[in-house]
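What follows is a set of notes on a single structure, which appears directly below.
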Amino acid sequence: MALTGRAALLAALGTLPIGIWEPGWTGVLAVNGTLALACACDFALAAPVRRLGLTRSGDTSVRLGETADVTLTVTNPSGRPLRAHLRDAWPPSSWLPGTEAAASRNRLTVPPGERRRLTTRLRPTRRGDRHADRVTIRSYGPLGLFSRQGTHEVPWTVRVLPAFTSRKHLPSKLARLRELDGRTSVLTRGEGTEFDSLRDYVPGDDTRSIDWRATARQSRVAVRTWRPERDRHILIVLDTGRTSAGRVGDAPRLDASMDAALLLAALASRAGDRVDLLAYDRRVRALVQGRAAREVLPSLVDAMATLEPELIETDARGLTATALRTAPRRSLIVLLTTLDAAPVEEGLLPVLSRLTQRHTVLLASVGDPYIARMATARGTTDAVYDAAAAAQAQAERTRTAEQLRRHGVTVVDATPEDLAPALADAYLALKAAGRL
């Protein structure tokens with residue numbers, strides 16, 4: 001059985017000590033000389049790495065949790081075939097744990113003057129921009145004894161967007177919006193505060209909707225129809241300070257707030273309202289203003305993609321002043337922030353009146369489902385202490401929420417899974433009541 005190139009090399013090198021001390025050493029030296037010549041030829045026949053042409057194409061954005069395909073095209077302009085191992089390096093958060101080696105390393109053969117394409121499949125685990133690192137190529141000769149190695153900078157960026165898992169709730173919320181508009185086949189009038197039109201009375205209509213003056217002018221009973229307020233301004237304010245970095249489940253609180261903000265923005269833009277976004281801690285981290293209805297959601301998703309929690313205390317006075325400059329006229333201001341007692345009592349409450357005297361304020365906060373589970377724990381001494389601590393934390397959040405409500409703020413406190421639909425419901429309730 002013939003030995004491979006590497007095995008032949010090791011076997012030949014292993015005979016050198018024997019050849020020096022025993023007869024026949026000239027024959028061993030001849031074998032080693034032949035092997036050295038073979039290695040030199042193998043090295044010379046390996047395709048050069050520096051002259052290779054590398055380009056990228058493929059996806060430039062992907063939602064968190066989905067996959068993106070980036071194609072690397074390798075062109076071999078030399079007259080020698082390329083036999084290579086290739087590593088396409090990306091940041092660790094571009095892959096699911098344990099999958100990087102299989103996804104980034106490839107064997108590659110490119111005949112002279114031809115090109116080949118390799119597709120790298122990314123599955124990012126964090127939001128933000130993922131930049132391609134170096135491409136490392138090791139080119140082997142036909143015997144595989146020696147290799148040439150080099151690296152190439154082939155830039156490419158994939159932006160990882162928020163997952164927007166709450167979009168599954170959008171159809172049901174839009175159906176509720178159509179009911180408010182009176183555009184569904186129900187026997188109740190459309191809710192809202194803005195007069196829409198007159199129509200003939202049909203059995204089942206609310207008699208309070210009868211327009212007696214219009215009825216007196218014609219032979220049929222006429223009723224008024226209503227619609228919710230339209231063309232109102234909504235400013236979504238994301239608190240990106242220290243408290244937004246706390247993890248609830250597998251993600252920071254900021255991610256749950258973003259998901260709720262996206263559902264609200266999608267619903268409000270469909271309802272004919274104007275939506276802006278402000279992300280703030282001690283300075284403006286993102287600002288989206290003046291977008292048309294069809295551009296709102298893409299603009300918000302792109303702005304949120306690179307946002308990260310900042311480990312600093314949020315400046316409530318600066319946040320309030322910036323929100324007032326961004327929304328100079330009466331608006332619905334949606335604060336996505338914490339309900340922890342200290343940040344609210346020391347930071348937000350002293351300046352809250354500046355917002356509520358001009359705007360309608362809705363505060364939404366991410367609750368921790370683990371606290372609720374702790375509150376029901378029993379059976380051991382540790383479990384009882386955990387339950388007591390959880391009950392105290394819940395009581396503090398409830399007391400803080402009541403303080404905010406006494407200042408005229410609508411409060412939504414829900415777990416990450418329930419926050420987005422609960423915030424959408426609160427918006428629809430305010431819209432139906434004419435409070436936007």
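For the single chain, residues carry numbers from 1 onward in sequence order.
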Full working for side chain to side chain contact (heavy atoms under 4.5 Å, CB included) between T157 and T60: CA-CA 6 Å; T157 301; T60 55; over 6 Å; no
Does any N or O in the side chain of [X] come within less than 3.5 Å of the main-chain N or O of [Y], such that one atom is a donor and the other an acceptor?
X    : Y    : answer
H152 : V49  : yes
D276 : G290 : yes
D88  : V135 : no
R167 : F164 : yes
D368 : Y370 : yes
H359 : A323 : no
R123 : G65  : yes

Which atom pairs, donor and acceptor, lie under 3.5 Å between side-chain atoms of residues 418-427 and protein residues at least two apart or in another chain?
residue	atom	partner	partner atom	Å
D418	OD2	T415	OG1	3.2
D425	OD1	K173	NZ	2.7
D425	OD2	K173	NZ	3.3
Y427	OH	D273	OD2	2.5

Please round to the nearest 0.5 Å and tell me the distance separating atom [atom1] of [X] and atom [atom2] of [Y].
X    : Y    : atom1 : atom2 : value
L54  : L86  : CG    : CG    : 7.0 Å
S257 : L307 : OG    : CG    : 11.5 Å
D413 : T398 : CG    : OG1   : 7.5 Å
R282 : R242 : CZ    : CZ    : 11.0 Å
R117 : L72  : CZ    : CG    : 10.5 Å
L82  : N76  : CG    : CG    : 5.5 Å

Taking all atoms of both residues into account, what is the closest heavy-atom pair of [X] and [Y], and its distance?
X    : Y    : value
T376 : R373 : OG1-O, 2.9 Å
V288 : A303 : CG2-CB, 3.7 Å
P252 : P309 : CB-CG, 4.4 Å
T314 : Y280 : CG2-O, 4.5 Å
P111 : R116 : CD-NH2, 3.4 Å
M374 : A390 : CB-CB, 3.6 Å

So [Y] and [X], do their side chains get closer than 4.5 Å, heavy atoms only?
X    : Y    : value
V411 : L339 : yes
H407 : V361 : no
E153 : R134 : yes
P155 : H131 : no
L297 : S269 : no
D59  : V62  : no
L277 : V275 : no
M258 : L238 : yes

query: Strictly by modelled atom types, are S93 and R130 linked by a side-chain donor-acceptor pair under 3.5 Å?
result: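 Yes, side-chain donor-acceptor contact under 3.5 Å.
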- prompt: Do D259 and S166 have side-chain N/O donor and acceptor atoms under 3.5 Å apart?
  reply: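 A pair is found: one side chain offers a donor N or O, the other an acceptor, under 3.5 Å apart.
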- request: Just grab all the salt bridge (charged side-chain N to carboxylate O under 4.0 Å, His left out) pairs involving residues 284-295, residues at least two apart or on different chains.
  value: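 Non-adjacent pairs meeting salt bridge (charged side-chain N to carboxylate O under 4.0 Å, His left out): D281-R285, R285-E310.
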Identified side-chain contact (heavy atoms from CB on, under 4.5 Å) partner of L355 from the options L324, V237, V409: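 By the side-chain contact (heavy atoms from CB on, under 4.5 Å) criterion, L355 pairs with just one of L324, V237, V409: L324.
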How about [atom1] on [X], more than 12 heavy atoms from neighbouring residues, nucleotides or ligands closer than 6.0 Å, or not?
X    : atom1 : answer
R121 : CZ    : no
R126 : CZ    : no
R115 : CZ    : no

message: Consider side-chain hydrogen bond (donor to acceptor under 3.5 Å, both in side chains). Of R107, R138, Q149, which one does H85 pass it with?
response: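 Output: one option passes, namely R107.
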message: With side-chain hydrogen bond (donor to acceptor under 3.5 Å, both in side chains) as the criterion, how do R80 and S139 come out once you've worked through the C-alpha distance, each side chain's angles and the decisive distance to 0.1 Å?
response: CA-CA 11 Å; R80 285 165 277 177; S139 172; over 6 Å; no
- prompt: Would you call E100-R105 a salt bridge at under 4.0 Å N-O?
  reply: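 Salt bridge: yes.
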- request: Inspect the contact between E402 and R405 and indicate whether a charged nitrogen and a carboxylate oxygen are less than 4.0 angstrom apart.
  value: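 E402 and R405: salt-bridged.
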- prompt: Can you list the steps and then say if V110 with L52 is a side chain to side chain contact (heavy atoms under 4.5 Å, CB included)?
  reply: CA-CA 10 Å; V110 184; L52 296 176; over 6 Å; no
message: Before you tell me yes or no, could you show the steps for D255 and R127 under side chain to side chain contact (heavy atoms under 4.5 Å, CB included), namely the whole-Å CA-CA distance, both residues' side-chain angles and the distance that decides it to 0.1 Å?
response: CA-CA 9 Å; D255 284 31; R127 288 179 296 98; 3.0 Å; yes
- prompt: Should L122 and T120 be marked as a side chain to side chain contact (heavy atoms under 4.5 Å, CB included) after you check the CA-CA gap, both sets of side-chain angles, and the distance that decides it?
  reply: CA-CA 6 Å; L122 308 177; T120 302; 3.9 Å; yes
- request: Please list all pairs passing the side-chain hydrogen bond (donor to acceptor under 3.5 Å, both in side chains) test where one or both residues lie in residues 317-339, with sequence neighbours left out.
  value: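 Residue pairs passing side-chain hydrogen bond (donor to acceptor under 3.5 Å, both in side chains), neighbours aside: H233-S331, D239-T337, T322-R325, R330-T360, T338-D340.
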